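All values derive from a computational prediction rather than experimental measurement. Throughout, protein chains are lettered first and strands after them, A, B, ... in sequence-line order, and every chain is numbered starting at 1.
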Amino acid sequence: MGDILQIANSTAFWIFAFIIVAIVAFQAIIFLWIAARSAPEADLTKKEVKTAIRAGFISSIGPSFGIAIVLISLIALIGSPITLMRIGIIGSAATESSAASIGASAFGVELGAENFPIEALAAVMWTMFLGGTGWLVFTMVFTKSMGKTQEKIQKRNPKIMASVALAAMLGAFAYLASQQMVNGPNHTVAGVVALTAMVAMMKYADHRDISWLKEWALGFALLIGMTTGYLTTFIM
Amino acid sequence: MNNAADQTANVAADPRISGTEASSMEMFYRRSHFWGRLTLLVIIIMSLIPPLYISFVLDAHPGWGVIATGLVGYASFIGIMWVLEPITYYPTLGVAGTYLAFLTGNIANMCLPCSSAAQKSVDAAPGSQKAEVAGVFGIAVASLTNIILLVIMIIGGTYLISMFPPFVEGMFGFVLPSIFGAVLGQFAYRTPKYGVIALIIGMAVLFSPIFSLIKIALCVALTIAVVLFMEKKKGNLE
């Protein structure tokens, strides 16, 4: 593995990685600008814009750390810059490790094996990079038509769109939460506690009209759920 | 929506669209499509460069047969997600949110929670334009935070991780059930009945013997159908 990591960590790959990072950052900044330009028409005051940005920031800290911690497992296999390129754009530690192991076995070697030729690293990279473009191509081509469909529904009956948006969110997260909670009793505790904490905080914030609590609610609920889940591993 | 006076003020404040029919929200969609597609195109091209480089500059081409085998193997189980995920998450992400989330990744565990936190913090109703724009702020900021943290972690790498006390890693083992439970609570607390229905559908789908990758899309579709049916029965959709 040693020689391979030397190649995988070479300057050229670092340059590619930083170009990809720069594009992601550029896109985020350009969309902040687009949203800021349309904020008044969408009924967002200057103060609400700041509130929304703060809420996004607070809520992203927990998940970002979670993502960063799992990516360490990939560094040992494919080196730092390629990990950065793959996790920085669409693709999670789970999808990319499966792509990497499939690419390696297509070449006839096992990921992390002692004798790992550079051609095998190339096979791994092709599988990961081409595999990841599937989402990008579909989104690039079809988001516009999904937008047109939404517009049509919205024009005909705006209430339908509101119900669809709420139900889609509930459906997705009910499934994701169920899937996680059946992993074990501690996972169930973490999920249920986070859910309960969130409901309690949101109700309290509504009742007392405390807007800052709504910005922090997700961060707090995440921390409470994680801590409780971890602490129960000592007793369950 | 806004009253007429507000809209005139907005149009007048933007010299580029004054005198035209385009409202600010139309500009929002036009700009989102333009910049969204452009940035995705650039990233797609950029995704081809590292593999081409290792194959033809470093002269380590594994052969097209090997590449095809790897890609077909991967696509055989992940390929359906390329189509299903954007469609499944579109109703909650919106146009701009979709472009952002599918470039930066981590849709369910980061982008959607941050979008909904931003929407709830300004009391935006789901599906409204206010929610769409507030959600964009949430996702864009999350994308920036995430990429900055990733760079720090990659450079500081294993050294930073070794500085964490061991319980931190133990806690992060529970990041997924906690965040999914919390977001479910965030959307269910005003309509607990729908939350319970969604959970029942979620559990039922989870344990049914069907192809696992389509399960989440199926759960979303079923929940939408049931909620629309119940709203219609209550006469809320007239």
Side-chain angles (χ1 to χ4, degrees), chain A residues 27-28 31-32 34-35 38 41-43 48 52 55-56 59-60 63-64 66 68 84 90 102-103 106 118-119 122-123 125-127 129 131 134 139-140 147 161-162 165-171 173-178 180 187 190-191 194-195 198-199 202 214-215 218 221 225-226 229-230, chain B residues 24 28 31 39-40 47 51 54 60 62 67 69-70 73-74 82 90-92 95 102 105 110 114 117-118 121-122 126-127 129-130 133-134 136-138 140-147 149 153-154 170-171 174-178 180-185 189 198-199 202 219-220 223-224 227:
Chain A
Q27 195 211 36
F31 271 96
L32 281 176
I34 292 172
S38 296
E41 171 122 352
D43 277 337
E48 283 179 317
S59 310
S60 68
S64 283
L84 184 55
I90 181 81
I102 288 168
I118 179 171
E119 285 81 8
M125 285 178 66
W126 278 101
T127 311
F129 281 82
T139 310
M140 184 181 81
M161 208 50 221
L166 175 70
M169 198 71 174
L170 285 173
F173 281 89
Y175 178 80
L176 291 166
S178 308
Q180 285 296 324
H187 284 78
L195 192 156
M198 176 59 96
V199 171
M202 292 305 278
K214 291 186 179 175
E215 290 169 37
L218 188 63
M226 277 170 18
Y230 177 64
Chain B
S24 171
F28 173 79
R31 285 179 183 137
T39 44
L40 281 172
S47 291
I54 192 168
I67 293 168
T69 310
Y74 185 55
W82 297 337
Y90 177 80
T92 24
V95 166
F102 282 89
M110 184 182 76
C114 289
S121 75
V122 296
Q129 289 185 335
K130 186 175 182 179
V133 176
V136 172
F137 282 116
V141 169
S143 175
L144 264 183
T145 314
N146 183 239
I147 200 77
L149 197 74
M153 289 301 254
I154 285 281
M171 275 171 60
F174 297 99
V175 70
L176 289 181
S178 305
F180 295 154
V183 176
L184 184 62
Y189 86 101
L199 259 181
C219 186
V220 169
T223 312
I224 290 176
V227 168

Under 4.5 Å between any side-chain heavy atoms of [X] and [Y], yes or no?
{"X": "Leu176(A)", "Y": "Val183(B)", "answer": "no"}
{"X": "Val227(B)", "Y": "Leu166(A)", "answer": "no"}
{"X": "Met169(A)", "Y": "Pro126(B)", "answer": "no"}

Of all of [options], which one pairs up most often with chain A through heavy atoms under 4.5 Å apart?
{"options": "Asn146(B), Val95(B), Thr69(B), Val136(B)", "result": "Asn146(B)"}
{"options": "Ile224(B), Thr92(B), Leu199(B), Leu144(B)", "result": "Ile224(B)"}
{"options": "Gly127(B), Ala60(B), Ala198(B), Cys114(B)", "result": "Ala60(B)"}
{"options": "Ser121(B), Ala118(B), Gly185(B)", "result": "Ser121(B)"}
{"options": "Ser143(B), Gly181(B), Gly138(B)", "result": "Gly181(B)"}
{"options": "Pro91(B), Gly70(B), Ala134(B), Ala142(B)", "result": "Gly70(B)"}

Distance, nearest 0.5 Å, that separates [atom1] of [X] from [atom2] of [Y]:
{"X": "Ser38(A)", "Y": "Arg31(B)", "atom1": "OG", "atom2": "CZ", "value": "6.0 Å"}
{"X": "Phe137(B)", "Y": "Ile34(A)", "atom1": "CZ", "atom2": "CD1", "value": "10.5 Å"}
{"X": "Leu195(A)", "Y": "Leu184(B)", "atom1": "CG", "atom2": "CG", "value": "5.0 Å"}
{"X": "Phe180(B)", "Y": "Gln180(A)", "atom1": "CZ", "atom2": "CD", "value": "5.5 Å"}

Most contacts with chain B, counted as non-hydrogen pairs under 4.5 angstrom, among [options]:
{"options": "Leu170(A), Val199(A), Ile118(A), Leu32(A)", "result": "Leu170(A)"}
{"options": "Gly103(A), Gly134(A), Ala55(A)", "result": "Gly134(A)"}
{"options": "Gly56(A), Ala177(A), Ser178(A), Gly147(A)", "result": "Ser178(A)"}

Worksheet item: Would you find a donor on one side and an acceptor on the other, under 3.5 Å apart, between the side chain of Trp126(A) and the backbone of Pro62(B)?
Response: no
Discussion item. So for Phe28(B), is it side chain, backbone, both, or neither that comes closer than 4.5 Å to the heavy atoms of chain A?
Written reply: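 Answer is both: backbone and side chain atoms of Phe28(B) are under 4.5 Å from chain A.
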Item to complete: Could you tell me which portion of Met198(A) (side chain, backbone, both or neither) has an atom closer than 4.5 angstrom to a non-hydrogen atom of chain B?
Response: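 Met198(A) touches chain B through side-chain heavy atoms alone.
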